[in-house]
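Remember, it's a predicted structure, so these values are computed and weren't measured experimentally. Numbers here are sequence positions counted from 1.
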Amino acid sequence: MNKGRESVNYKSVVSETEVVGNIFLNPSILDKEKYYFTEMDFSSELNRTLFGAMFNLHQNGVTKFEIKDIENYLADKMKSKAVYDFNKGSEFLKELSKTVSLSSFEYYYNRLKKFSLMRAFSQKVGMDLSWLYDDNNLLDVRKKEAQDKWLDEIEISDLSDCITRKISEVELEVTYENKNHVYFATDGLWEYLQQLKKSPNIGLSMYGKLRTGINKGARKGCFFLRSGQSGAGKTRSMIADACVLGCSEYYEDGEWVKVGNPQPVEYIMVEQKVEEVQILMIAFLSGVDTDRIEYHSNELTKDEEERILKAYHIFNHSKIHINILPQYDLTDMKNNIKFAITDRATEYIFFDYIENNIKMLEEITKRAGGKISLREDQILFMICNALKDIASTFNVFIESGTQLNGEWKTSEHMDSSMLAGGKSMDRKIDYGEIMIKTSPVDIEKIQHILTNSVYPVPDIKVGIYKNRGSKIDNHILWCKANKGICRIDPLFITDYNYELVSLDEDYFIIEEGEEVVKMFTTETSNSYGAFEKKTNNVSTNEQKKEEHQEEETKAEGMIEECEKGNKIELKLEGEDKPFVFSF
């Protein structure tokens with residue numbers, strides 16, 4: 001804690017004053033996304049008062065500030081007006097108008113944010129940062145100059161990393177006896193082997209049991225990369241994974257499939273509007289096509305209306321957060337994910353999707369002092385490296401996507417050479433797959449499988465080119481797409497010689513606790529989308545019938561419907577008031 005160092009304040013009054021003066025003369029600064037301000041950035045009461053007044057005036061349409069505007073705004077705010085008057089605010093603003101440096105705003109803004117960051121760690125967390133920047137030093141001029149030079153040169157994201165790394169170092173020092181992590185060959189091995197008998201090294205199930213059988217589920221600490229040609233459905237299949245993890249059930253084949261307790265999920269999107277993602281998620285949960293929801297809502301059947309209402313109810317009780325992040329750089333990406341982890345206890349992150357953009361280039365060029373220019377594959381590798389680092393450090397699951405380059409049109413072997421921006425990205429991933437629409441040539445090659453089976457003709461092939469911890473890689477997962485409800489349903493697996501491959505019988509966790517799901521081999525499985533829920537005893541057909549009847553009875557008690565003209569009212573379990581949906 002900071003006891004004995006009360007004088008440490010991490011203030012740069014000059015930077016604060018320059019920033020306030022620049023905003024006063026140029027209010028459009030407040031419109032630029034690259035600049036982010038809060039009242040906490042200003043340690044001086046006068047600067048904080050002036051900033052708050054200008055920010056609120058600008059929010060209400062003022063595009064050019066006059067002293068009288070600020071004074072009128074403060075007139076009925078007694079405390080703020082007293083601060084303004086006591087510090088001779090009018091004279092202060094007049095002086096700023098003459099002396100402020102418009103050309104140096106960027107420098108003072110960056111310095112302001114660095115001091116604001118250090119002040120927050122010092123005051124809110126109680127950290128002594130004198131090892132980093134000794135704000136109490138008044139006598140050692142050489143040390144002061146060296147620290148100021150270092151502070152000017154470091155990026156704010158790197159400054160933040162310096163502080164958080166120190167926290168990690170202290171944590172390791174206190175909680176880990178063996179700092180070097182050097183073990184004798186069998187240290188802890190027997191205990192781990194016994195643990196695996198009780199709890200296999202697998203993650204929660206995602207959508208499609210064959211796919212989960214291949215990649216062993218959404219394992220924490222892992223980074224999955226899903227790539228595909230445009231229109232193959234990688235975003236929609238990512239949404240399906242997010243819904244299965246973040247919601248309790250979804251509709252399929254005439255019934256609601258329970259998938260366990262909702263997990264904390266963050267869905268980060270860079271292109272779509274939030275409404276688009278919301279509709280896709282409702283479509284997945286309800287099994288009602290997005291086109292019918294968006295363009296033919298007046299033609300929906302009563303059954304579809306009911307399913308949409310129940311899907312809304314499920315979605316409303318989910319643990320999914322949708323995060324909009326257009327034109328991001330490395331700092332934006334890392335900070336958004338870390339905030340979701342620390343603020344919302346998020347454990348499953350979907351980042352849609354990895355790309356190079358102008359903001360990313362600007363940040364990397366600035367970090368390099370404009371001295372180097374990185375290739376696109378190097379930048380994309382840096383993004384993958386950052387995502388994998390977050391997954392490992394915070395023990396969370398991350399799934400992301402990329403586009404493909406032109407190789408997919410000519411190459412028969414689906415591997416990382418098809419990834420847009422180069423194959424270097426696969427060095428940091430734990431599981432990688434490529435989604436491509438099937439061609440007539442593909443169907444010819446698997447005709448011997450389709451002829452003697454009940455499988456529908458697949459329209460998507462998924463090449464698994466990397467799969468740490470599993471023997472299934474360099475294989476093809478053949479799928480049937482229903483993109484209107486965000487379903488890419490796995491059908492069967494082949495090797496690259498187009499011979500059918502069977503998965504061994506295995507078990508996969510679907511929720512926290514002891515309950516597991518049994519994964520059947522390809523030959524005995526007749527359901528390619530949902531899992532069949534099992535307890536310690538295998539269900540008989542009679543038990544299944546009884547369970548189904550119980551579910552029907554429960555559903556009848558849960559939904560009370562009555563038609564009133566052109567409306568349906570649904571009373572859902574756990575809700576005080578019914579949902580009303582108009583035809």
Before accepting this row, confirm whether a basic side-chain N of the pair [X]/[Y] lies closer than 4.0 Å to the acidic partner's carboxylate O.
| X | Y | value |
| --- | --- | --- |
| Lys258 | Glu249 | yes |
| Lys334 | Asp161 | yes |
| Arg468 | Asp430 | yes |
| Lys81 | Asp85 | yes |
| Asp135 | Arg119 | no |
| Lys149 | Glu153 | yes |

Are [X] and [Y] close enough that some pair of their side-chain heavy atoms sits under 4.5 Å apart?
| X | Y | answer |
| --- | --- | --- |
| Leu387 | Leu225 | no |
| Ile398 | Phe224 | no |
| Leu112 | Glu16 | yes |
| Pro326 | Ile324 | yes |

Expected output: side-chain [X] to main-chain [Y] donor-acceptor under 3.5 Å:
| X | Y | result |
| --- | --- | --- |
| Asn137 | Asp134 | no |
| Lys466 | Asp426 | yes |
| Ser104 | Tyr107 | no |
| Arg111 | Ser15 | no |
| Lys114 | Ile154 | yes |

Practice prompt. Compute the centroid of each ring, for Tyr10 and then for Phe121, and state whether the two points are separated by less than 6.0 Å.
Written response: no
Worksheet item: With a 6.0 Å cut-off on ring centres, are Tyr84 and Phe92 close enough?
Response: no
By side-chain contact (heavy atoms from CB on, under 4.5 Å) - contacts of [X] (at least two apart):
| X | value |
| --- | --- |
| Leu404 | Ser227, Gln229, Trp408, Met418, Leu419, Ile434, Ile436 |
| Glu66 | Lys64, Lys68, Asp69 |
| Lys359 | Gln327, Asp329, Asp332, Asn357 |

Worksheet item: Tell me, which pairs form a side chain to side chain donor-acceptor pair (under 3.5 Å) where one or both residues lie in residues 90-100, sequence neighbours left out?
Response: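 Every candidate side chain to side chain donor-acceptor pair (under 3.5 Å) pair involving residues 90-100 fails, so no pair, neighbours aside, qualifies.
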Item to complete: Determine whether more than 12 heavy atoms belonging to other residues, nucleotides or ligands lie under 6.0 Å from atom OH of Tyr35.
Response: yes
Is the terminal nitrogen or CZ of [X] (NZ for Lys, CZ for Arg) located under 6.0 angstrom from the six-membered ring centre of [Y] and within 45° of that ring's axis?
| X | Y | answer |
| --- | --- | --- |
| Arg487 | Phe284 | yes |
| Arg219 | Phe397 | no |
| Lys77 | Tyr73 | yes |

Worksheet item: Quick one: ring pair (Phe, Tyr, Trp, His ring centres under 6.0 Å) partners of Phe223, sequence neighbours excluded?
Response: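 So Phe223 forms no ring pair (Phe, Tyr, Trp, His ring centres under 6.0 Å) with any residue.
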Worksheet item: Which residues pass the side chain to side chain donor-acceptor pair (under 3.5 Å) test with Arg226, sequence neighbours left out?
Response: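 With neighbours one apart ignored, the set is Ser237, Asp241, Glu399, Glu433.
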How long is the gap from [atom1] on [X] to [atom2] on [Y], to the nearest 0.5 Å?
| X | Y | atom1 | atom2 | result |
| --- | --- | --- | --- | --- |
| Lys32 | Leu30 | NZ | CG | 10.5 Å |
| His317 | Ser248 | NE2 | OG | 9.0 Å |
| Met281 | Ser318 | CE | OG | 8.0 Å |

Discussion item. Once you measure the plane-to-plane angle for Phe37 and Phe105, does it fall in the parallel (<30°), tilted (30-60°) or perpendicular (>60°) bin?
Written reply: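 Judged by the thresholds at 30° and 60°, the geometry between Phe37 and Phe105 is tilted.
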